[in-house]
There are 2 protein chains.
Amino acid sequence: MALIAPDKETQIPDIVIGRLPVYLRALSFMHQQGKRTTSSSELGRRLGISSAQIRKDLSHFGEFGKQGTGYHVQHLIKELRLILKLDNIWPVAVIGAGFLGHALASYNGFEERGFQIRWIFDTDPTQIGKVINGITIQSMNELENTIELKHIKIALLAVPAVHAQSVTDRLVDAGVEGILNYAPINLVVPDHVNIGYSDPVVQLQHMTYYINSDDQF
Amino acid sequence: MALIAPDKETQIPDIVIGRLPVYLRALSFMHQQGKRTTSSSELGRRLGISSAQIRKDLSHFGEFGKQGTGYHVQHLIKELRLILKLDNIWPVAVIGAGFLGHALASYNGFEERGFQIRWIFDTDPTQIGKVINGITIQSMNELENTIELKHIKIALLAVPAVHAQSVTDRLVDAGVEGILNYAPINLVVPDHVNIGYSDPVVQLQHMTYYINSDDQF
DNA sequence: TTAGAATGGTGAAATATTTCACAGGTAGAT
DNA sequence: ATCTACCTGTGAAATATTTCACCATTCTAA
Ligand SMILES: NC(=O)c1ccc[n+]([C@@H]2O[C@H](COP(=O)([O-])OP(=O)(O)OC[C@H]3O[C@@H](n4cnc5c(N)ncnc54)[C@H](O)[C@@H]3O)[C@@H](O)[C@H]2O)c1
Ligand SMILES: NC(=O)c1ccc[n+]([C@@H]2O[C@H](COP(=O)([O-])OP(=O)(O)OC[C@H]3O[C@@H](n4cnc5c(N)ncnc54)[C@H](O)[C@@H]3O)[C@@H](O)[C@H]2O)c1
């Protein structure tokens, strides 16, 4: 979501929305550690951002804290989950059952945070029918039918870059509204569709600008 | 040399640096397609950002285009690679040889974009010694020695969240300056260390704010 | 009961980032 | 040679985002 600023008619800046999941993650961590309350300054110290920013961000949605005391961790978690529409589990489809698709389907960290991978699709006949983590790999022939029947809104796209756009077009036509794209390519989609990008090389190339390379290699 | 401090007025915004790898990726795609020249408006259309922004971003580093003509794709690629210090291959270590570590080590998309995974570390004795994509999984006992001996600057962190901070501390102490963290946790590091985060759930939770959930589920 | 320290919410100020708009410059067609 | 359609780089303007600074409130401890 960093580069393509979708046409959000909303009052609240997208950059604020993008920080909420990070707050939520940190709060969940605190909760697991038994912390009952926290403050904007403690949270900010942990995340490397200013306390004022955290207070300002949250103030867009209501008054969740208490002067002198801070925030009740569990309560703030609950509020953030509501804001981000995580009060129900979102069913998710993975497209592409290669190395990455396998890793994603095997990952157990989705469910407690609001998502469940329930379908995996691939074109490869030797993959179709295999079971990963309890999920049977389906043929891409069944893609549209399944998306429409099950009202799938979110997909993880883990196919080779050359096929990413055409698969995206099919997903969008069938009704998917959010795609997390792992292929190293920019996707073109209608305004109402949300795209997230996950390209490790882009992030590494960002870092190398700041790192001095040894000349001995 | 200490007297020549980075001038704040000359300092290029980090947000600009972060877009350069995306420009580079799009340009490489165009080059593969046989395109010899492009323009800020064509690039912008592809990436969903304004042409003015692209021109402004590039203008921080020089004048790479030609009025009336646009940019020579291959030349701009070369310049961006230099700016991002991608003129040599960065050797990279993967920490954690689980599902994700395997996928990363098997991924052949790094090298042509400036990185090569050369080491994999894990604590699990049943994993150590196994070979993934030509790379032998090493014991974490060898971590510090290898980092120092090979001057490893960049690591991909794919261990469980509970171990992410302690492994990070070891990496930083040994000299690593850039870490791409896949664990769903915020890391605390010294200022000179660059951290990138890759948490698919954070991105999905950002999307769900904008997606209306069906009430039938 | 009171002093003192900590904290949230928030308008205003300060910065940062993006967009605008235009002065040149280029290329191809005729 | 001229016309037309494009293009870049950039100062200035417009927006967006972050930070500041302060009051009101809460808690603790003496
Ligand atoms: N493996 C990684 O760690 C990693 C890291 C970053 C990015 N990526 C990207 O993720 C994507 C997948 O990577 P991978 O390593 O799993 O590749 P892979 O080649 O192992 O798997 C790709 C899978 O997609 C399937 N596929 C091909 N065309 C398809 C289509 N039209 N519809 C549905 N499925 C199709 C293939 O049959 C295969 O199973 C690639 O775009 C890659 O660049 C992977
Ligand atoms: N699998 C995915 O698609 C996925 C997606 C998003 C995030 N993640 C995150 O990436 C990390 C790895 O995920 P995974 O699915 O590969 O998990 P995994 O359990 O399959 O693998 C973790 C590996 O790390 C090793 N390990 C444990 N402690 C270690 C230590 N101190 N030093 C070195 N190695 C150690 C384990 O032996 C194991 O091989 C986790 O933090 C997970 O939350 C994974």
Side-chain angles (χ1 to χ4, degrees), chain A residues 1-20 22-23 26-27 30 35-80 83 206, chain B residues 6-20 22-23 26-27 30 35-77 79-80 83 206:
Chain A
M1 309 271 279
L3 271 174
I4 296 181
D7 189 13
K8 309 304 185 194
E9 300 294 331
T10 175
Q11 198 90 323
I12 296 156
D14 181 65
I15 197 162
V16 172
I17 307 299
R19 280 190 293 261
L20 300 185
V22 180
Y23 299 163
L27 288 163
M30 289 176 176
K35 259 199 159 311
R36 305 190 75 78
T37 64
T38 187
S39 65
S40 60
S41 57
E42 184 185 41
L43 202 46
R45 211 176 310 124
R46 242 186 166 110
L47 300 179
I49 60 186
S50 78
S51 62
Q53 178 157 84
I54 291 172
R55 294 199 300 279
K56 188 70 122 184
D57 283 354
L58 296 177
S59 76
H60 284 99
F61 303 95
E63 305 192 358
F64 306 123
K66 207 176 182 182
Q67 285 149 327
T69 308
Y71 300 91
H72 186 61
V73 173
Q74 205 160 7
H75 177 245
L76 189 50
I77 286 174
K78 203 172 147 192
E79 294 285 357
L80 286 174
I83 293 166
H206 186 163
Chain B
D7 189 350
K8 273 205 168 168
E9 315 249 352
T10 312
Q11 199 76 277
I12 294 157
D14 181 65
I15 197 162
V16 172
I17 307 300
R19 280 189 293 260
L20 300 186
V22 180
Y23 298 164
L27 288 163
M30 287 177 177
K35 259 201 159 308
R36 306 191 76 79
T37 63
T38 187
S39 64
S40 60
S41 56
E42 184 185 41
L43 203 46
R45 210 176 311 124
R46 249 193 162 102
L47 300 179
I49 61 187
S50 79
S51 61
Q53 179 158 85
I54 292 172
R55 293 198 302 277
K56 188 70 123 184
D57 284 353
L58 295 177
S59 76
H60 284 99
F61 304 94
E63 306 192 355
F64 306 123
K66 205 174 177 183
Q67 288 150 324
T69 308
Y71 301 91
H72 186 60
V73 173
Q74 204 160 8
H75 177 246
L76 190 50
I77 286 173
E79 295 284 357
L80 287 174
I83 293 166
H206 185 163

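Every chain is numbered from 1 and lettered A, B, ... according to where its sequence line falls, protein lines coming before strand lines.
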Strictly under 3.5 Å: I want the nitrogen or oxygen pairs between protein and nucleotides 10-14 of chain D, one per line.
| from | atom 1 | to | atom 2 | distance (Å) |
| --- | --- | --- | --- | --- |
| D/dT10 | OP1 | B/E63 | OE2 | 3.3 |
| D/dG11 | N7 | B/K56 | NZ | 3.2 |
| D/dG11 | O6 | B/K56 | NZ | 3.2 |
| D/dA12 | N6 | B/K56 | NZ | 3.4 |

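None of A/K35, A/E42, A/R36 except one satisfies the side chain to side chain donor-acceptor pair (under 3.5 Å) rule with A/T38; the exception is A/E42.
At the phosphate of C/dG8, OP1 or OP2 sits under 4.0 Å from a side-chain N or O atom of A/S40. A/Y71 has a side-chain polar atom (N or O) that falls below the 4.0 Å cut-off from OP1 or OP2 of C/dG9. Distances shown here put a side-chain N or O of A/S50 below 4.0 Å from the OP1 or OP2 atom of D/dT19. The phosphate of C/dT26 (OP1 or OP2) has no side-chain N or O of B/T69 nearer than 4.0 angstrom.
Nucleic acid contact for A/I15: sugar-phosphate only, since backbone atoms but no base atoms lie under 4.0 Å from a heavy atom of the residue. Heavy atoms of A/S51 sit nowhere under 4.0 angstrom from any nucleic acid atom.
Here the P atom of nucleotide D/dC6 and the CD atom of B/E42 are 13 Å apart, to the nearest Å. Distance B/D57 CG to D/dT8 P: 13 Å, rounded to the nearest Å. Distance, B/I49 CD1 to C/dT18 C1': 11 Å, rounded to whole Å. Atom CZ in A/F64 sits about 20 Å away from atom P in D/dT25, given to the nearest Å. Summarising the geometry, the separation between NE2 on B/H60 and P on C/dA16 is reported as 12 Å, rounded to the nearest angstrom. Atom CD1 of B/I54 and atom P of C/dT19 are 11 Å apart (whole Å). Distance, B/F61 CZ to D/dG9 C1': 15 Å, rounded to whole Å. The separation between B/Q11 atom CD and C/dT15 atom P is 16 Å, rounded to whole Å.
Comparing A/G68 and A/V16 along DNA chain D, the residue whose closest nucleotide (by nearest heavy atom) sits nearer the 5' end is A/V16.
Shown here for A/L47 and A/A26, the closest heavy-atom pair between the two residues is CD2-CB, 3.8 Å. For the pair A/H60 and A/P13, the tightest heavy-atom approach, listed with the atom from each and the gap, is NE2-CD, 4.0 Å. The shortest heavy-atom contact between A/I17 and A/F61 is CD1-CZ, 3.8 Å.
Distance check: A/H75 NE2 to A/L27 CG gives 12.0 Å after rounding to the nearest 0.5 Å.
Contact annotation: side chain of B/Q67 to base of D/dT8, donor-acceptor pair present below 3.5 Å.
Within a 6.0 Å radius of CD in A/Q74, no more than 12 heavy atoms belonging to other residues, nucleotides or ligands are found.
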Problem set entry | Intermediate values then yes/no, side-chain contact (heavy atoms from CB on, under 4.5 Å), B/I49 and B/V22 | CA-CA 11 Å; B/I49 61 187; B/V22 180; over 6 Å; no
